[in-house]
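Following: one structure in structure tokens, then a few remarks.
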Amino acid sequence: MSNKHLLLGDEALALGAVQAGLSGAYAYPGTPSTEILEYIQSNQLAKDRKIHSRWSSNEKTAMEEALGMSFCGKRAIVSMKHVGMNVAADAFVNSGMTGANGGLLVIAADDPSMHSSQNEQDSRFYADFAFIPILEPSSQQECYDMARHGFELSEKYAIPALVRLVTRLSHSRAVVETAAEPLPQNELHYPKTENERQWVLMPANSKKRYKKLLEDQALLTEASEKSPFNSYTDAADKSLGVIVSGLAYNYYKEVFPQDVPFPTVKISQYPIPTALVKRLADECDSILVIEEGQPFIEQKLRGLLDKGIKVYGKLSGQLPRTGELTPDSVREAIATLRPEIEAAIAPEVKGESQVTVPRPPALCQGCGHRDVYHALNDVLKEYESPKVFGDIGCYTLGYLSPFNAIDTCVDMGASITMAKGAADAGQHPSVAIIGDSTFTHSGMTGLLDAINENTPMVVIISDNLTTGMTGGQDSQGTGKLEDICLGLGADKNHVRTIDSLPKNHDEMMKLFKEEIDYPGLSVIVSRRECIQTARRHASAKKK
């Protein structure tokens, strides 16, 4: 079989991923990204390897499903057009906080000139905002090569990577030379012990993870400096230096088909390779930035290469990058820069800040979520490596002692989609637990994905008949959760309801085990009114 193929940029990236050990591909269709998943669905190697490749209900569910597969140690991609990043933003930004286990590539196909889109947004800003590295291929060959490189980068630094395409690259063809032998798929494996906690984004964990994420930026920048996709090309004419990124490098080369006359930095991997850029600035009189989309690099350079007034603050280390500012931290910053005026600072600013010792959060006594976790934990003792995917709500506290019951919590609705992605990876049991209001907020679309494939997983909707975490507001799904699930197409024989009461513990265990052992999708509505809401209702009736 020939190792050369005539491929679209989308197809080259898809083939590169398949041959680099891909296990799961998730997407929502949108030009110019659609051909990525379509190619995988038609590729024979992908079929032979049983690579999971189905359309998701939206970009958010696709992102979370890929994140669930990554959690289980397998390589995954999620692809969408640039405006789809807006839908996936909650999960995407938080994936920088969770990190990755198996290699995870988030592919955003931007559409400059709006060939079939409502705006020209530049997806690099999303990745920069989330502190996630970016790969921006300049050719179809780099599309192919970057798939393997991206997976390796993602796994080495335990973080997703964004691959940014643009329409002209996605939808134009070129000859691509491929590897002789594909890489094997990863085996199922879970985050290392020291990384387990970061997958549950509760404040205590996230504060530690955020500091580590910031510290790792130096390592990611160093990786960009050494990247085979970034380069410095010297030249004699130092009157102008050129920085060029992604597809624009092709346009630049077309202007100078032989040797380029100016020193040039090519950027196809971010964070921006600072040392290469500073070398260019030191050697050249002026710099021209050529980039497709918005002036992402140019904005960075106007600060990076400022040789006038020095700017101090968080980037220079005078003020902390994490947490809130305090009078003490402001004083220290001023005193560091201008020690001679410390005596003029107001005395009340110099004292130690008062610290209030927080009370650890806990589920209320009499809360139905407690009975769900008691029964679920007792049942899961019978299985090897069970995984429970949590969600946003009071029940997230099931992560804490004494329950220690959930393995992940990322964003609204992610319990179902991550459990589905984990089940797609071969995880069993794969259990999602979600509250009634979170289910109607963002869980229904993920459940629809699972229904369409009859995914072997269990969804527990812990229904407390209210939006308990935010103060007891009405829940949109009260009284109709079962009908919603049936209306979405769930099997009526596996949509089951039980009251989450202590006296029903054995019955709950029996029900959970029956549905875990069922080789398809099950939904269990475990219902008990929030104790706080019940008290308010009772009080209102007395008046």
Side-chain angles (χ1 to χ4, degrees), residues 24 26-28 54-71 76 78 80 84-98 104 106 160 199-202 206 369 372 387-399 406-424 430-453 455 457-464 466-470 473 475-478 480-481 484-485 487-490 495 521-526:
Y26 301 86
Y28 184 81
R54 288 283 298 271
W55 295 108
S56 301
S57 294
N58 63 30
E59 294 88 352
K60 178 179 182 290
T61 67
M63 177 70 216
E64 292 160 350
E65 287 158 2
L67 192 59
M69 182 164 280
S70 172
F71 173 84
V78 52
M80 64 199 74
M85 289 292 291
N86 301 331
V87 182
D90 195 6
F92 175 75
V93 172
N94 280 337
S95 73
M97 294 292 285
T98 65
L104 176 56
V106 182
W199 286 83
V200 180
L201 297 185
M202 294 182 69
S206 295
H369 300 322
V372 172
K387 298 297 171 186
V388 179
F389 297 85
D391 221 298
I392 304 295
C394 298
Y395 47 93
T396 311
L397 298 175
Y399 166 72
I406 65 174
D407 296 287
T408 72
C409 176
V410 178
D411 58 64
M412 295 282 279
S415 59
I416 296 176
T417 36
M418 287 188 67
K420 180 186 180 299
D424 294 340
S430 186
V431 179
I433 184 162
I434 187 169
D436 50 322
S437 58
T438 307
F439 175 73
T440 53
H441 177 281
S442 298
M444 295 186 294
T445 48
L447 183 63
L448 183 59
D449 284 354
I451 288 169
N452 286 338
E453 295 190 64
T455 303
M457 57 183 280
V458 174
V459 176
I460 300 172
I461 305 176
S462 191
D463 180 12
N464 62 2
T466 189
T467 309
M469 191 169 191
T470 53
Q473 296 85 2
S475 174
Q476 302 282 32
T478 300
K480 52 181 179 285
L481 292 175
I484 290 172
C485 297
L488 289 170
V495 176
L521 174 70
S522 298
V523 180
I524 299 171
V525 180
S526 183

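Note that CG of D463 is 8.5 Å distant from OG of S526, once rounded to the nearest 0.5 Å. Summarising the geometry, atom OG1 belonging to T417 is positioned 8.0 Å from atom CG belonging to D449; distances are rounded to the nearest 0.5 Å.
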| Derivation and outcome, side chain to side chain contact (heavy atoms under 4.5 Å, CB included), residues I416 and F389 | CA-CA 7 Å; I416 296 176; F389 297 85; over 6 Å; no
| request: List the steps and the verdict of side chain to side chain contact (heavy atoms under 4.5 Å, CB included) for E59 and Y28. | output: CA-CA 6 Å; E59 294 88 352; Y28 184 81; 3.2 Å; yes
| said: Test side chain to side chain contact (heavy atoms under 4.5 Å, CB included) on I433 and S415; report intermediate values, then the result. | reply: CA-CA 6 Å; I433 184 162; S415 59; 5.7 Å; no
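Taking all atoms of both residues into account, the shortest heavy-atom contact from A490 to I451 is N-CD1, 3.6 Å. In terms of heavy-atom proximity, D407 sits nearest to W199 at O-CB, 3.8 Å. Across every non-hydrogen atom of C485 and I461, the tightest pair is SG-CD1, 4.0 Å. Scanning all heavy atoms of the two residues, the minimum distance from T61 to G446 falls at CG2-N, 3.8 Å. Residues A66 and A76 share a closest heavy-atom pair of O-CB, 3.8 Å.
In terms of modelled atom types and a separation under 3.5 Å, the side chain of N94 and the main chain of M97 share no donor-acceptor contact. A donor-acceptor pair under 3.5 Å is formed between the side chain of S430 and the backbone N or O of A419.
A side-chain donor from one of Y26 and D424 sits under 3.5 Å from a side-chain acceptor of the other. With hydrogens and angles left out, the side-chain atoms of D391 and T438 include no donor and acceptor closer than 3.5 Å.
Between Y395 and I434 there is a side-chain heavy-atom pair separated by less than 4.5 Å. Put simply, the side chain of M457 does not reach to within 4.5 Å of the side chain of V431, judged on heavy atoms. Residues F439 and I484 meet the side-chain proximity criterion, which asks for heavy atoms closer than 4.5 Å. Between L521 and L447, some side-chain heavy-atom pair lies under the 4.5 Å cut-off.
The side chain to side chain donor-acceptor pair (under 3.5 Å) search around K60 returns E64, D411, not counting sequence neighbours. Scanning for side chain to side chain contact (heavy atoms under 4.5 Å, CB included) contacts around L448 gives S57, N452, L488, with sequence neighbours left out. Under the side chain to side chain contact (heavy atoms under 4.5 Å, CB included) criterion, S95 pairs with M63, L67, F92, T98, I132, P160, sequence neighbours left out. For V200, the side chain to side chain contact (heavy atoms under 4.5 Å, CB included) partners at least two apart in sequence or on another chain are M202, N205, Y399, C409. For the side chain to side chain contact (heavy atoms under 4.5 Å, CB included) test, residues two or more places apart in sequence or in another chain that qualify with E453 are H52, R54, K420, T455. Checked against side chain to side chain donor-acceptor pair (under 3.5 Å), S56 has the following partners two or more places apart in sequence or in another chain: E65.
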